[in-house]
Protein chains: 2
Amino acid sequence: MSLPLHERIRSEMEAAILSGALRPGARLPTEQELMRDYGCARMTVSKALSALASAGLIERRKRAGSFVARPRVHSMMLDIPDLEQEVTERGQRYRFELLGRRTAPPDPADAEEVQLAGRGELLVIDGVHFADDMPLASERRLVSLWSVPEIALEDFAEISPGAWLLGHVPWTEAETRIAAVAADRTVAARLEIETGNACLFIERRTWRGDEGITLVRQHFVGSAYDLIARFGSARSMGGV
Amino acid sequence: MSLPLHERIRSEMEAAILSGALRPGARLPTEQELMRDYGCARMTVSKALSALASAGLIERRKRAGSFVARPRVHSMMLDIPDLEQEVTERGQRYRFELLGRRTAPPDPADAEEVQLAGRGELLVIDGVHFADDMPLASERRLVSLWSVPEIALEDFAEISPGAWLLGHVPWTEAETRIAAVAADRTVAARLEIETGNACLFIERRTWRGDEGITLVRQHFVGSAYDLIARFGSARSMGGV
DNA sequence: GCGGTAATTATGTCTATACATTATTGGCGA
DNA sequence: TCGCCAATAATGTATAGACATAATTACCGC
């Protein structure tokens with residue numbers, strides 16, 4: 001056994017919970033009992049239980065003890081792949097084609113644009129992501145030049161705007177909306193599909209503190225793309 | 001200051017990272033320096049750094065020190081609402097209409113079905129979710145009678161199969177696939193839309209340990225539904 | 001120089017102890 | 001019986017020290 005004791009305690013408790021031996025709501029042994037069972041100090045047990053608590057598997061209440069939490073379906077981890085990496089991993093060639101790039105004041109009729117722009121203008125970037133020269137996704141991105149002035153110097157010949165932003169701008173919050181829509185004329189032309197075809201539509205807004213950074217709207221060819229969300233395999237929750 | 005010292009250290013480091021004062025790759029103070037700065041014991045500092053590490057904000061290397069990790073967009077929390085609750089909250093009336101219900105052996109040609117069935121048969125349930133008598137989603141659900149024999153007694157007059165399973169079967173893992181598809185004839189008829197219209201397609205598989213419990217495929221009317229995923233509000237990461 | 005080895009330094013784990021916090025339990029008195 | 005208060009039992013936070021582990025750095029013999 002090379003793995004640390006607190007990890008062992010953690011994983012054995014976790015196994016008991018996930019196997020159903022400890023049902024939701026059940027009380028698990030107190031720290032005292034566990035330190036007797038494992039012959040270790042309380043800190044060690046506590047570390048194991050803290051990890052389970054922060055992973056959401058148990059709930060700890062003073063005086064009362066620790067209890068198995070009811071797993072909530074309501075939230076899962078959604079993997080949002082980096083397009084370039086995913087395409088490359090499938091053995092295809094990735095390319096981002098820049099279709100347009102202009103700076104403009106926000107549309108005063110669009111509250112989102114106004115809020116994003118802050119006291120400056122917006123950079124509007126249009127482009128298409130390709131996999132092996134087949135269009136995969138069309139993208140329109142608005143970037144706040146107020147928050148990210150240095151992006152004005154970038155021409156995106158070598159790197160997609162998304163990848164550039166990821167590497168250059170620290171962000172703190174993001175929200176992604178996922179829907180299915182019919183391709184309009186513009187999108188259909190860019191993706192080389194027919195108007196009305198089903199597209200996965202992803203709209204993501206990113207903030208740094210209160211400052212909006214970017215708003216991106218992507219249309220994926222419906223037949224070529226899907227997203228995966230997972231809950232469980234508690235192995236993946238703790239760290240790494 | 002009522003908040004514990006290790007939380008304070010954690011949040012101050014976090015702020016320094018998120019604000020950009022400590023850029024990705026930068027080395028942050030050693031535990032020794034921090035325990036001098038805050039006048040506390042090493043365990044306290046270590047707890048703060050461990051929390052940051054398990055949240056993925058920093059990376060710790062022996063001998064070398066702790067470094068700010070590059071933020072990864074790759075995973076967000078996806079909210080998966082309970083349909084009945086969401087419809088009701090919008091002030092609409094929710095109804096699940098059962099269209100079919102039969103038991104059958106798994107299709108031997110479909111490896112997923114065979115695996116789900118285990119050594120038993122499958123319960124196949126077809127139905128439509130309505131909001132104010134407008135179709136919202138069509139659903140076909142397969143349930144392993146081997147894992148959940150008691151579902152054979154339920155007639156789903158009062159409760160949808162999804163809600164019943166949530167309340168009765170502890171599960172440990174789930175995987176959700178999200179895509180955009182065109183409605184086929186069957187789906188279009190059920191949803192009262194035209195064949196070929198865009199639908200958000202959600203396929204979710206649920207396990208308890210190695211045992212498959214259920215596989216559900218839902219088609220949502222594209223114009224009536226979307227999903228939201230979030231990352232951030234760093235406050236929400238640690239615990240609570 | 002070059003390569004192997006030892007010293008150093010930073011994190012990782014663990015113990016033993018102390019006191020704080022808080023919700024429950026039980027008892028005591030009006 | 002009801003309500004308040006104190007004892008109790010559990011987790012929460014923190015300290016100080018010991019030893020383990022691993023990677024970098026420095027040194028030394030060749």
Side-chain angles (χ1 to χ4, degrees), chain A residues 1-14 16-17 22-70 235 237-240, chain B residues 1-14 16-17 22 24-70 235-240:
Chain A
M1 279 303 154
S2 72
L3 87 169
L5 183 53
H6 71 263
E7 279 290 345
R8 203 183 116 209
I9 299 176
R10 183 200 133 105
S11 74
E12 289 185 9
M13 287 293 112
E14 188 179 280
I17 293 168
L22 287 171
R23 319 198 121 239
R27 179 176 172 171
L28 41 88
T30 67
E31 295 186 349
Q32 298 296 333
E33 290 166 333
L34 286 173
M35 56 188 279
R36 270 203 307 278
D37 292 354
Y38 288 94
C40 68
R42 207 185 120 217
M43 278 286 301
T44 308
V45 169
S46 182
K47 191 165 188 175
L49 295 185
S50 296
L52 290 174
S54 97
L57 274 178
I58 68 173
E59 188 188 335
R60 308 181 77 186
R61 291 207 303 276
K62 296 186 194 200
R63 171 66 222 250
S66 299
F67 300 84
V68 180
R70 178 170 301 281
R235 194 72 31 244
M237 305 183 71
V240 179
Chain B
M1 283 304 153
S2 72
L3 88 168
L5 182 53
H6 72 263
E7 278 290 344
R8 202 183 116 209
I9 299 175
R10 183 202 134 107
S11 72
E12 287 183 12
M13 287 294 113
E14 188 179 278
I17 293 168
L22 287 170
R27 177 174 173 171
L28 40 88
T30 66
E31 295 186 349
Q32 298 295 331
E33 289 165 332
L34 286 173
M35 56 188 279
R36 269 202 308 280
D37 292 353
Y38 288 94
C40 68
R42 202 184 127 221
M43 277 286 301
T44 307
V45 169
S46 183
K47 192 166 188 175
L49 295 184
S50 296
L52 290 173
S54 97
L57 275 177
I58 68 172
E59 190 186 334
R60 309 179 76 186
R61 290 207 302 276
K62 296 186 194 201
R63 170 66 222 246
S66 299
F67 300 85
V68 179
R70 180 168 304 281
R235 201 62 34 236
S236 71
M237 305 182 67
V240 181

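Within every chain, numbering begins at 1; the chains are lettered A, B, ... in the order of the sequence lines, protein sequences first and strands thereafter. Just so it is clear, the structure is predicted and the values come from calculations on it, not from any experiment.
One interatomic measurement links the two molecules: CD of Glu7(A) to P of dC14(C), which rounds to 9 Å at whole-angstrom precision. The separation between Gln32(A) atom CD and dT15(C) atom P is 14 Å, rounded to whole Å. Between the CZ atom of Arg60(B) and the P atom of dA23(D) there is a distance of 15 Å, given to the nearest Å. Across the protein-nucleic acid pair, Met43(A) atom CE and dA18(D) atom P stand 17 Å apart, rounded to whole Å. Look at CD1 on Ile9(A): it is 8 Å from P on dC14(C), rounded to the nearest Å. For the pair Lys62(A) NZ and dC19(C) P, the interatomic distance rounds to 17 Å; values are reported in whole Å. In this entry the distance linking CG of Leu5(B) with P of dT15(D) reads 6 Å, nearest Å. For Arg42(A) and dC19(C), the CZ to C1' distance is 11 Å, given to the nearest whole Å.
The base of dG12(D) lies outside donor-acceptor range of the side chain of Arg61(A), with no N or O pair under 3.5 Å. At a cut-off of 3.5 angstrom, counting only N and O atoms as typed in the model, there is no donor on one side facing an acceptor on the other between the side-chain of Arg63(B) and the base of dG12(C).
In the set dC14(C), dT11(C), dA14(D), dC14(C) carries the atom at the smallest distance from any side-chain atom of Pro4(A). With dG12(C), dA16(C), dT15(D) as the choices, the nucleotide that has an atom nearest any side-chain atom of Ala41(B) turns out to be dT15(D). Across dA10(C), dA10(D), dA18(D), the shortest atom-to-atom separation from the side chain of Thr30(B) is found for dA10(C).
When Leu57(B), Val68(B), Leu34(B) are each tested for a side chain to side chain contact (heavy atoms under 4.5 Å, CB included) with Met13(B), only one passes: Leu34(B).
The side-chain heavy atoms of Met35(A) and Glu31(A), taken from C-beta on, include no pair separated by under 4.5 Å. In this structure the side chain of Arg42(A) reaches within 4.5 angstrom of the side chain of Gln32(A), judged on heavy atoms.
Judged by the 6.0 Å distance and 45° axis criteria, Arg61(B) is positioned over the aromatic ring of Phe67(B).
Contact check, Thr44(B) against dT13(D): no side-chain N or O comes under 4.0 Å of OP1 or OP2.
Inspection of the Glu33(B) and Tyr38(B) side chains reveals no N or O donor paired with an N or O acceptor under 3.5 Å.
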